[in-house]
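Order of listing sets the numbers, starting from 1, for every ligand and every atom in it. Source: prediction; values computed, not measured.
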Amino acid sequence: MIVKQAGFEKSVANLSQLPDDALPEIALAGRSNVGKSSLINRMLGRKSLAKTSSTPGKTRTLNYYKINNALYFVDCPGYGYAQVSASMKKMWGRLIETYLTGRKELRLVLLLVDIRHPPTADDIAMYEWLRHHGLPVCVVATKADKISRSKQASQLRLIAERLGMRGDAALIPFSAETGQGVTELWEMIESKLPGM
Ligand code: GTP
Ligand code: MG
């Protein structure tokens, strides 16, 4: 994919605000601070289109980014952020859950996990939930630049095993820092967008 045009489209705080132009959507899920916004910036070749932060839990809405007037990346609020109230968590949960299970434009969910650590209980629950709902998932192991290539290989095996991934399930190491995985991830996304 050659990104000719990319921009922030809108923040969605409730489902009535979802776009109605029927463009295909690629959602990004993962715990706070895993690198969702950084991945979007790197994939789109734009330094700070999606806000990144060292304070986890900044993203509280579904944030839509439009690419080439042809598709959206949808940055979902990070899960597993402790410092929000239970009622707040519930509200986010409902928004994401309803979006992910009911959105016919959704073509693929990118589930981001940190390559340096075994998946958390939240990561495992999220993967199982996505599979349970029959959603197409690609697991992206972020921050790959932080460990050596040989360590990457063993961590990928560990992640696949802990998530209970089938042998043919998609798992891509990625670095927003070096650009590792950008080509593979675009290929994965394009495979879900026939005719593009
Ligand atoms: P929330 O919006 O809070 O859910 O976080 P997020 O998942 O969008 O994470 P974000 O992209 O803001 O990144 C969190 C921190 O990790 C920032 O300090 C980033 O610079 C850093 N980071 C993200 N991706 C990478 C990466 O590939 N390599 C390195 N070295 N750092 C990264
Ligand atoms: Mg973010």
Residue [X] vicinity, atoms of ligand 1 by number, heavy atom under 4.0 Å:
X	answer
Ser175	27 (O)
Glu177	27 (O), 28 (N), 29 (C), 30 (N)
Lys146	29 (C), 30 (N), 31 (N)

Quiz prompt | Min heavy-atom dist Val34 to ligand 1 below 4.0 Å | solution = yes
Quiz item: Can you find a non-hydrogen atom of Gly30 under 4.0 Å from ligand 1?
Solution: no
Polar atom proximity, [X] to ligand 1 (N or O, under 3.5 Å):
X	value
Lys36	yes
Phe174	no
Ala176	yes

Quiz item: If you measure from each non-hydrogen atom of Asp145 to ligand 1, which part falls under 4.0 Å: side chain, backbone, both or neither?
Solution: side chain
Quiz item: Would you say Ser32 reaches the Mg ion (ligand 2) with an N/O/S atom under 2.8 Å?
Solution: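 It does not: Ser32 brings no N, O or S atom closer than 2.8 Å to the Mg ion (ligand 2).
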Quiz item: Among Ser38, Ser32, Pro173, whose heavy atom sits nearest atom 20 (O) of ligand 1?
Solution: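 The nearest heavy atom belongs to Ser38.
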Listing, residues 188-196 side-chain donor-acceptor contacts under 3.5 Å, not counting sequence neighbours, or none:
residue: Glu190; atom: OE2; partner: Met1; partner atom: N; Å: 2.3
residue: Ser191; atom: OG; partner: Met188; partner atom: O; Å: 2.6

Self-check item: In one Ile/Leu/Val/Met/Phe/Trp/Tyr side-chain cluster, 4.5 Å: Val113, Leu158
Solution: no
Quiz prompt | Residues that Glu9 engages under side-chain contact (heavy atoms from CB on, under 4.5 Å), provided they are two or more places apart | solution =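 Scan of Glu9 (side-chain contact (heavy atoms from CB on, under 4.5 Å), adjacent residues dropped) gives Tyr64, Lys66, Tyr72.
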Exercise. Could you tell me whether a side-chain N or O of Asn68 sits under 3.5 Å from a main-chain N or O of Ala70, the two making a donor and an acceptor?
Key: no
Quiz item: Within a reach of under 6.0 Å around CG of Asp20, are more than 12 heavy atoms found that belong to other residues, nucleotides or ligands?
Solution: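 At most 12 heavy atoms, drawn from other residues, nucleotides or ligands, come within 6.0 Å of this atom.
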Self-check item: Atom pair CD1 (Ile40) and CG (Asn63), whose distance is rounded to the nearest 0.5 Å
Solution: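 Going from CD1 on Ile40 over to CG on Asn63, the span is 8.0 Å.
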Exercise. Would you check if the distance from the ring center of Phe174 to the ring center of Trp186 is below 6.0 Å?
Key: no
